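What follows is one structure encoded as structure tokens, with my remarks underneath.
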Amino acid sequence: MVQLGLVVAQYDKHGQVVEEMEESARQAAADHDADVVETVAVPGSYDTPLAADRLARRDDVDAVAVLGVIVEGDTAHDAVIADAAAQGLTDVALDRDTPVTLGIIGPGMSTAEAEARTHKGGSAVTSAIELATQLP
Ligand SMILES: Nc1c(NC[C@H](O)[C@H](O)[C@H](O)CO)[nH]c(=O)[nH]c1=O
Ligand SMILES: CC(=O)[C@@H](O)COP(=O)(O)O
């Protein structure tokens with residue numbers, strides 16, 4: 001059985017979307033008979049790489065799925081957060097030799113577009129399981 005770590009960025013403005021993404025992630029884990037051994041909540045997507053690193057270094061974690069929602073504001077701050085998070089998570093995966101999947105939606109996204117993408121939580125978990133089982 002694949003053992004997963006889950007990181008959930010709980011940026012308040014999008015609380016409901018994040019909740020639905022987490023439900024989708026947990027359903028995907030159950031559907032694939034995977035076990036979520038630990039869930040770490042962080043304030044926002046920018047804060048996810050360190051949490052992912054803490055999970056990826058554990059012997060009982062085969063892969064980490066990271067969930068977050070970045071909705072467009074008035075400035076380019078959303079792009080800054082998204083780029084930093086994606087790069088940070090890539091670094092964690094390579095440094096720890098552990099799959100880390102990007103289930104952070106956005107940037108450049110409206111709240112309505114976010115609400116239509118909550119299934120990406122499940123996609124991140126499915127990809128994490130595939131990587132954990134299929135990588136040579
Ligand atoms: N604006 C969004 C954020 N901002 C918060 C940052 O991610 C971070 O928590 C803060 O800068 C402290 O380090 N986070 C999101 O996940 N989504 C946003 O739309
Ligand atoms: C991207 C956001 O929601 C927020 O952190 C920044 O908003 P703004 O670009 O309006 O300052």
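What you are looking at is a predicted structure, and each value in this text was computed from that prediction instead of being measured. Remember, it's 1-based here, ligands and their atoms both numbered in the order they're listed.
- In this structure, OG1 on Thr90 lies 7.5 Å from CG on Leu102, to the nearest 0.5 angstrom.
- Residue contact annotation: Asp78 has no non-hydrogen atom under 4.0 Å from ligand 1.
- In summary, the atoms of ligand 1 found under 4.0 Å from a heavy atom of Val71, numbered by their order in the structure, are 19 (O).
- Ile104 and Val100 fall within a single hydrophobic cluster, where Ile, Leu, Val, Met, Phe, Trp and Tyr are joined by side-chain heavy atoms under 4.5 Å apart, directly or via other members.
- Interface of Tyr11 with ligand 2, defined as ligand atoms under 4.0 Å from a residue heavy atom, comprises 5 (O).
- Grouping the Ile, Leu, Val, Met, Phe, Trp and Tyr side chains by contacts below 4.5 angstrom, directly or via other members, places Leu67 with Leu4.
- Contacts between Tyr46 and ligand 2 below 4.0 angstrom, taking non-hydrogen atoms only, are absent altogether.
- Remark: among candidates Val42, Asp47, Thr111, the nearest residue to atom 12 (C) of ligand 1 is Asp47, based on non-hydrogen atoms.
- If you number the atoms of ligand 2 from 1 as listed, the ones under 4.0 Å from a heavy atom of Asp74 come out as 8 (P), 9 (O), 10 (O).
- Per-residue contacts place Ile70 under 4.0 angstrom from the following atoms of ligand 1 (heavy atoms of the residue considered): 17 (N), 18 (C), 19 (O).
- Residues Ser45 and Ile81 form a side-chain contact, since some pair of their non-hydrogen atoms from C-beta on lies under 4.5 Å apart.
- The shortest contact between atom 11 (O) of ligand 2 and any protein heavy atom is with Thr75 OG1, 3.6 Å.
- Residue-ligand proximity, Tyr46 to ligand 1, at heavy-atom distances under 4.0 Å covers atoms 6 (C), 7 (O), 8 (C), 13 (O).
- Nearest to atom 5 (O) of ligand 2 among the protein's heavy atoms is His77 CD2, 3.2 Å.
- Residue-ligand proximity, Val69 to ligand 1, at heavy-atom distances under 4.0 Å covers atoms 15 (C), 16 (O), 17 (N), 18 (C), 19 (O).
- Ligand 1 has a nitrogen or oxygen under 3.5 angstrom from a nitrogen or oxygen of Gly44.
- Using a 4.5 Å cut-off on side-chain heavy atoms (C-beta onward), Thr126 and His32 make contact.
- Of the inter-residue distances, the one linking Gln3 atom CD with Leu55 atom CG reads 12.5 Å to the nearest 0.5 angstrom.
- At a heavy-atom cutoff of 4.0 Å, ligand 1 is contacted by the side chain of Tyr11 but not by its backbone.
- Between the side chain of Ser24 and the main chain of Glu20, no donor-acceptor pair closer than 3.5 Å is present.
- Looking only at heavy atoms of the protein, atom 7 (O) of ligand 2 is closest to Gly73 CA, 3.9 Å.
- Surrounding CG of Asp97 are at most 12 heavy atoms belonging to other residues, nucleotides or ligands under 6.0 Å away.
- For Ser45, a nitrogen or oxygen atom sits less than 3.5 Å from a nitrogen or oxygen atom of ligand 1, counting backbone and side chain alike.
- The distance from atom CD1 of Ile105 to atom CZ of Arg117, rounded to the nearest 0.5 Å, is 7.0 Å.
- There is a protein heavy atom less than 4.0 angstrom from atom 16 (O) of ligand 1.
- At a heavy-atom distance under 4.0 Å, only backbone atoms of Val71 (N, CA, C or O) approach ligand 2.
- The shortest N or O to N or O distance between Ile81 and ligand 1 is not below 3.5 Å.
- To the nearest 0.5 Å, the span separating CG on Leu131 from OG1 on Thr133 amounts to 8.0 Å.
- At least one side-chain heavy atom of Leu135 sits less than 4.5 Å from a side-chain heavy atom of Pro99.
- Side-chain contact between Val64 and Arg96: absent, with no pair of heavy atoms (C-beta onward) separated by less than 4.5 Å.
- Contact atoms of ligand 2 toward Asp78: 1 (C) (distance under 4.0 Å to a heavy atom of the residue).
- Given atom 3 (O) of ligand 2, the protein heavy atom at minimum distance is Lys13 NZ, 3.2 Å.
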